[in-house]
Structures are given as structure tokens and as C-alpha cells.
Number of protein chains: 2
Amino acid sequence: MKLSTKGRYGLKAMYDLAIHFGDGPIALKNIAERQRISDHYLEQLVATLRKAGLVKSVRGAQGGYMLANEPKDITVGDIIRTLEGPLGPSECVLEDDPTMCHNADCCVTRIVWEKIRISISDVIDSITLQDMVDDYYKIKNKGNYMYYI
Amino acid sequence: MKLSTKGRYGLKAMYDLAIHFGDGPIALKNIAERQRISDHYLEQLVATLRKAGLVKSVRGAQGGYMLANEPKDITVGDIIRTLEGPLGPSECVLEDDPTMCHNADCCVTRIVWEKIRISISDVIDSITLQDMVDDYYKIKNKGNYMYYI
DNA sequence: TTTAATTCCAAGTAAAATGATTGGAATTCA
DNA sequence: TGAATTCCAATCATTTTACTTGGAATTAAA
């Protein structure tokens with residue numbers, strides 16, 4: 001019941017971009033260093049995020065990535081779903097395209113999975129990158145050492 | 001972000017035992033048939049549940065398994081945690097024994113994982129096997145065909 | 001115009017996890 | 001005594017995960 005590194009690294013990278021929102025293109029190498037992620041691996045995740053329209057890229061020297069929208073308009077759910085696919089603790093309750101169990105209408109365990117799915121969705125859809133940026137400044141102003149992580 | 005078959009089959013089996021609570025030992029073969037699970041595989045899951053004190057066994061012919069406590073006193077969380085280990089979307093927020101990240105006190109993404117973990121815990125700890133049995137009879141009384149699934 | 005920095009793209013790969021299967025010993029009821 | 005059952009240990013094929021490797025294309029700066 002864990003997220004893979006796709007979702008976890010992906011959110012870290014998007015959060016990093018949110019912290020630097022408005023600063024022009026940010027090179028992947030720098031994000032990978034700050035977040036301590038293999039840059040070639042992160043490249044694959046960011047490619048997925050770019051194809052989904054969550055980030056924009058600038059090629060060539062001095063190039064890099066930027067959020068495609070304001071941090072307040074990107075939710076954790078957008079990012080995790082893009083990288084991990086439709087969410088749900090079981091096939092039969094996946095968002096979008098549940099592999100329909102032929103007993104779905106009378107399956108009691110399915111009711112449990114559905115409740116779990118909804119509770120996860122509620123959380124990740126309610127948190128935006130801006131919320132995370134706000135958290136960052138809150139912690140920073142308390143005097144904690146921070147480095148965009 | 002899916003549960004493995006351990007948690008999913010395990011809950012189905014425990015629900016099946018809850019439906020038959022008070023009927024004496026239920027053979028694994030019958031549970032496996034009803035829930036359409038490999039019986040040898042289910043055996044391993046039930047062994048884990050037995051060691052955790054959630055089910056009791058009776059060996060020999062006419063033997064089988066029974067819930068160790070009343071359905072109202074066993075939660076979905078008890079079952080899932082026994083079979084899947086401590087819950088959490090990331091190592092750093094696992095219940096019990098989080099593999100402590102050295103940046104935990106200033107990690108903003110960790111706040112997100114923690115919220116997800118709590119929302120899942122809230123759901124699974126609030127549902128008992130008795131709730132599932134109640135759901136079963138509710139659906140059954142509406143006239144739906146049901147077979148303990 | 002060259003060079004360095006970067007994104008973009010496609011494969012390959014080692015290790016771990018998943019979801020079992022196989023085979024048999026021990027126990028108990030009929 | 002035999003059939004039904006739990007108990008136990010090992011093995012295994014497949015898939016997934018988390019990368020690595022290698023290089024082409026693009027662009028800013030020297």
C-alpha cells in the first residue's frame with residue numbers, strides 16, 4: 001500500500017518547481033541534486049508530467065522546466081494520478097476504468113475498498129502545490145534549516 | 001498504491017468467517033471456493049492471521065478455522081495491518097517504525113504522506129467485520145443474489 | 001562557430017516483490 | 001484404518017520497480 005518512487009519523486013520535483021515558480025526554467029540536474037534523486041530517472045518522470053501538460057520545458061543550454069500553471073492550480077492528486085495511474089486499493093474500484101468484477105453489485109469487501117479510495121482522493125485533491133509552498137515558508141520562518149525538500 | 005492480494009484475499013476470508021461466525025470450524029477449502037482463491041495460497045495468509053491471534057484453528061477431519069473474537073471486535077485495519085505490515089504511502093510515515101528520514105522535521109512532502117496515511121487509517125480502523133456482515137444482510141434483503149463474497 | 005549545457009528518446013537490466021505451486025508431515029474425526 | 005484437514009517449508013515463474021546506459025537534438029554563451 002505504498003506509492004512507488006514515481007509518485008514520491010514526482011511530487012518532490014513538482015514541489016521544487018513550485019518553490020521556484022516565476023524564476024524561469026529550472027534544470028533537472030539541480031532539482032535532482034536538491035531532492036537527491038537520480039537525474040536520469042527523474043527525467044522519465046518529468047517526461048510523463050510534461051506529456052500530461054503539468055510542466056513546460058525549454059531545451060538547450062540554460063534550459064529546464066517550469067510549472068505549466070500556477071501552484072494554486074495544481075493539486076497533489078493531479079501529479080500522483082499522472083505518474084501512478086488511476087488510484088484505488090483494488091482493481092475493482094480504480095478511478096476511471098474499474099476492471100468490473102461481475103459481483104460488484106453484491107460484493108461487500110468492495111464497499112470497503114471504495115471507502116478507502118474516496119478517502120485518499122479527498123486528501124490528495126484538497127492539497128495544492130501552493131499549500132506546500134505555504135508550508136515551506138511556515139516551517140522556514142520557525143527557524144528550521146530548509147533546503148527545498 | 002494498491003493493496004496486494006494478501007490484504008484483499010485476507011479480508012475476504014475473514015469476512016467469510018464472520019458470516020459463518022458461531023457455526024463451528026470452517027474448512028479453508030470451502031472459503032477458498034466461495035471466494036475463488038487458491039486454497040494453498042490462502043493457507044499462508046490464514047497462517048499469518050492465526051499467528052496474530054485473529055483466527056483460531058481446529059486440526060484434523062471436520063476441522064477448520066474460526067474468528068478468535070466477535071466480528072464487532074475485529075476491524076479491517078487489524079486484518080490489513082497483519083497481512084500487509086504497517087501502513088503508509090511512503091517509508092518515512094509508516095505506522096510503528098518509520099524509517100526516519102534525516103530531513104523529517106523540515107520535509108514538506110512528508111506532511112502530504114502523513115495526511116494520506118491518517119485518512120486511510122481512519123477508514124480501516126472504523127470498519128469492523130460486523131459492519132460488513134450488516135452490509136451483507138442489507139444487500140441480501142434488497143433481493144440481490146449473494147454468495148458471501 | 002564552436003562548445004558546453006541541456007532536454008529528449010529508446011533500450012536494457014538487476015533486484016525485489018508478487019502470487020502463487022509443490023510436496024509432504026501431523027492431527028483428528030468417523 | 002482412512003479420509004479430511006491443518007501445518008510447514010521450499011521453490012518458482014512472472015511482473016514490477018528503480019534505475020542505468022548511450023546517444024541524438026537543441027540552444028545559449030564564449
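A note on names: the letters A, B, ... follow the listed sequences, proteins ahead of strands, and every chain is numbered from 1.
Atom CG of A:Leu42 is separated from atom P of C:dC8 by 12 Å (rounded to the nearest Å). Rounded to an integer number of Å, the gap from A:Leu49 CG to C:dC8 P is 12 Å. Atom CD1 of B:Ile31 and atom P of D:dT5 are 12 Å apart (whole Å). Straight-line distance from the NZ atom of A:Lys29 to the P atom of C:dC8: 16 Å, rounded to whole Å. Note: CZ (A:Arg36) to P (D:dC19) measures 15 Å, nearest angstrom. The CG atom of B:Leu45 sits 14 Å away from the P atom of D:dC7 (whole-angstrom rounding). Summarising the geometry, the separation between OH on B:Tyr65 and C1' on D:dA4 is reported as 13 Å, rounded to the nearest angstrom.
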Quick test: give all pairs of protein nitrogen or oxygen and nucleotides 27-30 of chain C nitrogen or oxygen below 3.5 Å, distance rounded to 0.1 Å.
{"from": "C:dT28", "atom 1": "O2", "to": "B:Ala61", "atom 2": "N", "distance (Å)": "3.2"}
{"from": "C:dC29", "atom 1": "O4'", "to": "B:Ala61", "atom 2": "O", "distance (Å)": "3.4"}

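Using a 4.5 Å heavy-atom cutoff, the side chains of B:Met1 and A:Ile124 are not in contact. Using a 4.5 Å heavy-atom threshold, the side chains of B:Val46 and B:Ile31 count as separate. In this structure, B:Arg81 and B:Ser121 have side chains that are in contact, with non-hydrogen atoms separated by less than 4.5 Å. For the pair A:Thr109 and B:Arg8, the minimum side-chain heavy-atom distance is 4.5 Å or more.
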Could you walk me through whether B:Asp16 and B:His20 pass the side chain to side chain contact (heavy atoms under 4.5 Å, CB included) test, one step at a time?
CA-CA 6 Å; B:Asp16 194 290; B:His20 294 97; 3.3 Å; yes
Please lay out, stage by stage, how A:Asn30 and A:Arg34 fare under the test side chain to side chain contact (heavy atoms under 4.5 Å, CB included).
CA-CA 6 Å; A:Asn30 297 329; A:Arg34 279 193 291 265; 4.1 Å; yes
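Each salt bridge (Lys or Arg N to Asp or Glu O under 4.0 Å) pair with one or both residues in residues 49-73 of chain B, not counting sequence neighbours, would appear here, but there are none.
Using modelled atom types, one finds no donor on one side chain facing an acceptor on the other under 3.5 Å when comparing B:Ser119 with B:Asp122.
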Give the B/S/- string for nucleotides 10-22 of chain C, one per nucleotide from 5' to 3', where a protein heavy atom under 4.0 Å of the base yields B, of only the sugar-phosphate yields S, and otherwise -.
-B-------BBBB
